[in-house]
Amino acid sequence: MSALANKENPSTAASAKLAAKVLPFSGKHGSRIDFRRAALTALRNVVPPVVVLALILLVWQVLCSSADASLPSPHRVWQDSYDLIAYPFFNYGSQDIGLGWRVLISLQRVLYGFGLAAVTGVIIGAIIGQSIWAMRGLDPIFQVLRTVPPLAWLPLSLAAFQDSNPSAIFVIFITSIWPVIINTAVGVRNIPQDYRNVAEVLRLNQFEFFWKIMLPSAAPYIFTGLRIGVGLSWLAIVAAEMLTGGVGIGFFIWDAWNSSRLPDIIVALAYIGIVGFALDKLVAALGKLITRGAMAN
């Protein structure tokens, strides 16, 4: 037995030395591969949209460069709206402010309306997903209300609140709550029966079941609804501000149209698109962080 051990020990020592020599090299090699992959991924994600954007601007410049063109060319937009592009946070008075401030004011309204819709929608969706009677009673009503256009709610909200700011927040709320409710209800109904059995064995109360079982299991569906809802919120606030006034980005577009400032409208549309894209990516990133990448399709 000792002789066999003596025979095996040299090979074991040699393997250990080989591993000690190989492991540092493999670690460096792996980091190089990861760096190259990251660089290639960044190029694949950045280069195509940049090329497409350049082509769009080129075609736009060619089509709108003539003097009788109905829309301004990119070069004219840059010349006429340079201050809005280069200085988004200037402040020369109550109405003479940069688009950055206007976007922040609109985002504040979106935060209130969408935040309220997220909390209310998750609670109502959880109730509908848990109760078959609530599903039968509320689902047909919700399916009818969610088809109402956002601006159709604005006259009622103005009559109820007698103020433009809470009316705009209500329009955001009533527009974004439906996808949150529907997706939460679907996620709750898809909770595996094994999880429910575990909750019964552990004798969890309703609050513990909601916090420890229901929310983690339905989180991918909930964040899918939130992602849809935040996009609808941004669409609703821009439309509502065109009619309610104020200093938001929506009223700026309407005011620019009344003043025939088409280049300013185009710059404002670019701001709206970039902010909407950022909101969508922010909610998606938060969902992936909380659900550990298990987002619902």
Side-chain angles (χ1 to χ4, degrees), residues 107 109-153 156-157 160 166 168-200 202-237 240 276 279-297:
L107 283 176
R109 294 171 176 169
V110 169
L111 178 63
Y112 292 149
F114 176 68
L116 184 61
V119 175
T120 307
V122 169
I123 295 175
I124 297 178
I127 295 174
I128 294 177
Q130 279 288 98
S131 173
I132 187 64
W133 292 105
M135 171 70 74
R136 293 174 180 174
L138 296 176
D139 184 68
I141 298 176
F142 290 163
Q143 294 297 335
V144 172
L145 292 179
R146 74 182 184 89
T147 60
V148 178
L151 291 183
W153 295 100
L156 291 179
S157 62
I169 294 175
F170 174 78
V171 170
I172 296 170
F173 168 81
I174 204 67
T175 302
S176 59
I177 193 173
W178 310 121
V180 181
I181 292 176
I182 295 173
N183 282 272
T184 301
V186 172
V188 171
R189 293 186 65 184
N190 286 329
I191 294 177
Q193 187 60 38
D194 293 342
Y195 292 2
R196 301 181 184 274
N197 296 337
V198 170
E200 293 180 0
L202 297 178
R203 297 181 180 180
L204 300 180
N205 56 39
Q206 291 297 325
F207 178 78
E208 291 175 334
F209 177 76
F210 176 80
W211 189 255
K212 296 181 178 181
I213 302 295
M214 188 182 298
L215 280 183
S217 300
Y221 294 89
I222 293 174
F223 275 96
T224 300
L226 293 176
R227 190 174 178 181
I228 299 173
V230 73
L232 294 176
S233 298
W234 190 235
L235 294 176
I237 186 57
L279 289 175
D280 178 76
K281 292 301 180 182
L282 179 62
V283 176
L286 183 61
K288 288 182 179 179
L289 179 63
I290 294 179
T291 62
R292 297 179 182 179
M295 295 295 290
N297 293 325

For Val180 and Gly225 the tightest heavy-atom approach is CG2-O, 3.9 Å

- request: Check whether any side-chain heavy atom of Gln143 lies under 4.5 Å from a side-chain heavy atom of Ile182, and answer yes or no.
  value: yes

Of all heavy-atom pairs linking Ala126 and Thr184, the shortest is N-CG2, 3.7 Å

Sorted by chain and number, sequence neighbours left out, salt bridge (charged side-chain N to carboxylate O under 4.0 Å, His left out) with Asp280 holds for Arg227

Check: Where the side chain of Asp139 meets the backbone of Met135, is there a donor-acceptor pair that is under 3.5 Å apart?
Finding: no

Closest heavy-atom pair, Val144 versus Thr147, reported as atoms and distance to 0.1 Å, is O-OG1, 2.6 Å

With no hydrogens and no angle check, is any side-chain donor or acceptor of Trp178 less than 3.5 Å from a backbone partner on Ile174? yes

Note: Ile169 and Arg109 closest approach over all heavy atoms is CG1-O, 4.1 Å

Check whether any side-chain heavy atom of Trp153 sits under 4.5 Å from a side-chain heavy atom of Leu145, and report yes or no. yes

Donor-acceptor pair, side chain of Ser131 and main chain of Ile127, under 3.5 angstrom
no

dist Arg189:CZ -> Ile132:CD1 (nearest 0.5 Å) comes out at 5.5 Å

So do Leu107 and Trp234 actually touch side chain to side chain, heavy atoms under 4.5 Å? yes

May I ask you to test the Arg196-Ile213 pair for a side-chain heavy-atom distance under 4.5 Å? no

Taken to the nearest 0.5 Å, the spacing of Leu138 CG from Ile128 CD1 works out to 5.0 Å

Nearest heavy-atom contact between Gly121 and Ile177 is CA-CG1, 3.9 Å

All heavy atoms of Pro216 vs all of Trp211, minimum pair found to be CD-O, 3.5 Å

So the ring pair (Phe, Tyr, Trp, His ring centres under 6.0 Å) pairs with at least one residue in residues 112-135 (sequence neighbours excluded) are none

With a 4.5 Å heavy-atom cut-off, do Leu232 and Pro179 have their side chains touching? yes

Taking C-beta and beyond as the side chain, do Phe223 and Leu226 meet within less than 4.5 Å on heavy atoms? yes

Taking Glu200 for its side chain and Asn197 for its backbone only, find out whether a donor-acceptor pair lies under 3.5 Å. no

Any side-chain heavy-atom pair from Ile181 and Arg146 closer than 4.5 angstrom?
no

Side chain proximity check, Ile172 to Leu116, heavy atoms < 4.5 angstrom | no

